[in-house]
Amino acid sequence: MDPPVDFVPRLELDMSYKILMSLGDPCDIARASCVSRSWHGFVVSNGLSKQLCLGMFPQLSGVDHVTESCSFKTEAETGSSNTKEWDVLEREHRVYGFLSHCCRSIVDRECISDAISASSTDNFPEEGINNTLEIRDRVGRIASYWSSKGQKNPAVPETLIYKLVGDLCVITEIDIQPFQAYFQTGFPIYSAKSVRFRMGYPTASVDLDSVDQSCHDSTNDKFVWTYTSPEFPMAQENCLQKFKFPKPVLCIGGFLLVELLGRVQRQEMDGLFYICVSHVRVLGRPLSPTFGIDMIEPSGKFVLKALSYTKESLPESSPRRISSLELQRRVRNLEHILNMLRGNVRDVEDIWDEGQDDSDEEFA
């Protein structure tokens with residue numbers, strides 16, 4: 001029986017490249033690099049792990065360079081073992097290979113950390129953007145939703161800005177539920193005509209602590225959006241509508257802009273058009289604290305940092321932080337209960353039950 005033949009050194013460079021890149025899976029590329037010295041040298045010198053990552057996430061074209069928090073000793077390679085260039089290639093091989101693996105192995109979870117601001121709010125904070133983090137459209141007897149200000153022109157858009165759980169998140173789906181005004185005649189649903197999403201990072205001059213949550217001006221001078229989705233039609237239905245991306249998107253910087261385009265429902269009371277949303281959910285795979293980024297201003301490039309290669313560093317689900325506005329709303333609910341106990345009769349049965357449910361959920 002003839003001994004096996006190593007095709008990599010025998011074929012032309014382009015042919016070997018096409019064969020190995022056809023593997024597609026980052027785990028297979030990693031295995032291929034361990035077959036022999038020649039295969040390892042070919043995979044690393046041609047940046048196959050990096051090319052595979054760029055194919056999965058074009059947003060990585062903004063990487064200036066990669067870094068690692070731990071050092072590695074590399075074996076000598078003929079002709080280039082101790083060169084700085086080879087060290088860079090080895091580092092990229094490890095970082096991009098592990099990034100590809102994490103993007104495919106982490107289970108999707110909720111990725112919103114906080115609600116930042118809305119382009120307008122009709123009654124703040126009762127109808128503020130923070131209400132969209134609540135999965136239900138009622139908290140006890142109190143409606144829970146965000147409402148824009150009314151407009152005569154139905155073409156006027158609205159935007160909502162959210163902070164995600166990490167600087168790097170792979171986003172697969174965004175869900176939005178329009179609000180149905182059950183307390184108005186005809187139970188109107190204040191949806192938008194369509195929706196579009198942008199992802200990116202804040203500029204260095206933005207102080208997020210000073211952002212007015214009830215309204216914001218143009219976001220173009222405060223954020224850099226590295227990804228813009230197609231426009232999705234939105235149905236005028238009271239349900240959680242799923243907007244799934246054609247392929248997963250890597251959010252660079254950890255911020256999401258929801259663009260609500262066009263208004264369909266006029267309010268009978270004042271004749272103005274409104275958009276109201278009861279819930280926004282973002283599903284994806286957070287890559288922090290395993291990976292991080294450092295933005296390089298004003299170039300728009302960034303440093304991709306591998307902070308750990310251990311499984312223990314992979315992100316796990318954690319309870320969402322309760323914002324100050326949520327606490328304020330819960331305080332108002334408790335005030336309603338106190339009014340009842342003081343003799344101010346009011347139907348607060350659902351509010352009491354809701355308070356107990358929230359306590360069990362947050363502190364279990």
Side-chain angles (χ1 to χ4, degrees), residues 59 102-103 106-119 121 125 128-136 139 144-146 159-177 195 197-204 206-214 216 219 222-227 229 240 243 245 248-259 277-295 302 304-305 307-308 313-330 358 361-364:
Q59 298 79 29
C102 290
C103 290
I106 300 174
V107 178
D108 283 3
R109 51 160 284 196
E110 167 64 56
C111 287
I112 290 183
S113 170
D114 205 358
I116 301 301
S117 66
S119 52
T121 304
I129 184 178
N130 219 69
N131 293 336
T132 63
L133 302 181
E134 171 62 56
I135 193 171
R136 293 153 291 187
V139 178
S144 176
Y145 63 97
W146 162 81
T159 56
L160 306 173
I161 299 178
Y162 297 91
K163 188 180 187 303
L164 304 182
V165 294
D167 291 339
L168 283 177
C169 293
V170 178
I171 305 302
T172 57
E173 178 183 311
I174 299 177
D175 305 334
I176 300 177
Q177 180 166 348
V195 63
F197 307 103
R198 300 180 190 270
M199 302 180 201
Y201 59 91
T203 60
V206 175
D207 181 7
L208 293 175
D209 293 332
S210 64
V211 172
D212 186 349
Q213 196 175 48
S214 64
H216 58 238
T219 61
K222 297 182 176 67
F223 291 86
V224 177
W225 305 115
T226 58
Y227 171 81
S229 77
L240 191 63
F243 303 101
F245 296 124
V249 176
L250 184 62
C251 176
I252 308 294
F255 283 82
L256 167 71
L257 177 75
V258 178
E259 294 183 285
V277 172
S278 63
H279 184 50
V280 175
R281 181 176 66 180
V282 177
L283 296 179
R285 305 155 203 168
L287 299 176
S288 300
T290 307
F291 292 92
I293 62 169
D294 282 334
M295 302 308 305
F302 62 95
L304 175 61
K305 303 187 296 183
L307 303 176
S308 176
S313 68
L314 294 177
E316 299 178 355
S317 296
S318 57
R320 179 174 58 82
R321 181 174 63 87
I322 303 176
S323 71
S324 59
L325 287 176
E326 279 186 282
L327 290 175
Q328 291 174 19
R329 185 175 64 187
R330 296 184 183 190
D358 285 344
E361 177 181 339
E362 296 296 339
F363 299 106

Query - Value rounded to 0.5 Å, distance of CG in L287 from CG in L250 - result: 6.5 Å

Query raised in the report: Counting distance only, does the side-chain N/O of Q213 pair as donor-acceptor with the main-chain N or O of A115 below 3.5 Å?
Result: yes

Query - Heavy-atom closest pair, residues I293 and G253 - result: CD1-N, 3.7 Å

Query - Side-chain heavy atoms of F245 within contact of F197, under 4.5 Å - result: yes

Query raised in the report: CD1 of I176 to CG of L240: how many Å apart, nearest 0.5 Å?
Result: 9.0 Å

Query raised in the report: How many angstroms lie between atom CG of L283 and atom CD1 of I174, to the nearest 0.5 angstrom?
Result: 9.0 Å

Query raised in the report: So, do C102 and R285 sit near enough that their side-chain heavy atoms are less than 4.5 Å apart?
Result: no

**Report entry** From CG (L256) to SG (C111), nearest 0.5 Å
**Finding:** 10.0 Å

Query - Set of salt bridge (charged side-chain N to carboxylate O under 4.0 Å, His left out) partners for K163, sequence neighbours left out - result: none

**Report entry** Any pair counted as side-chain hydrogen bond (donor to acceptor under 3.5 Å, both in side chains), so long as it reaches residues 166-176, sequence neighbours left out
**Finding:** D108-T172, D175-R281

Report summary line: From the list V224, L304, T226, side-chain contact (heavy atoms from CB on, under 4.5 Å) partner of I252 resolves to T226

Query - Those residues that, when tested against F255, pass ring pair (Phe, Tyr, Trp, His ring centres under 6.0 Å) (two or more places apart) - result: F223

**Report entry** Which atom of H279 lies closest to which atom of E134, heavy atoms considered
**Finding:** ND1-O, 3.2 Å

Requested in this report: Start with the C-alpha distance between L164 and I171, add both sets of side-chain angles, then the distance that settles side chain to side chain contact (heavy atoms under 4.5 Å, CB included), and finish with yes or no.
Outcome: CA-CA 10 Å; L164 304 182; I171 305 302; 4.0 Å; yes

Query raised in the report: So how far is it from L160 CG to I116 CD1, rounded to the nearest 0.5 Å?
Result: 11.5 Å

**Report entry** Stepwise side chain to side chain contact (heavy atoms under 4.5 Å, CB included) check, T132 with Y162
**Finding:** CA-CA 10 Å; T132 63; Y162 297 91; 2.7 Å; yes

Query - Beyond-backbone contact of T121 with I129, side-chain heavy atoms, under 4.5 angstrom - result: no

Requested in this report: Measure the OG-CG distance between S278 and N131 for me, rounded to the nearest 0.5 Å.
Outcome: 10.0 Å

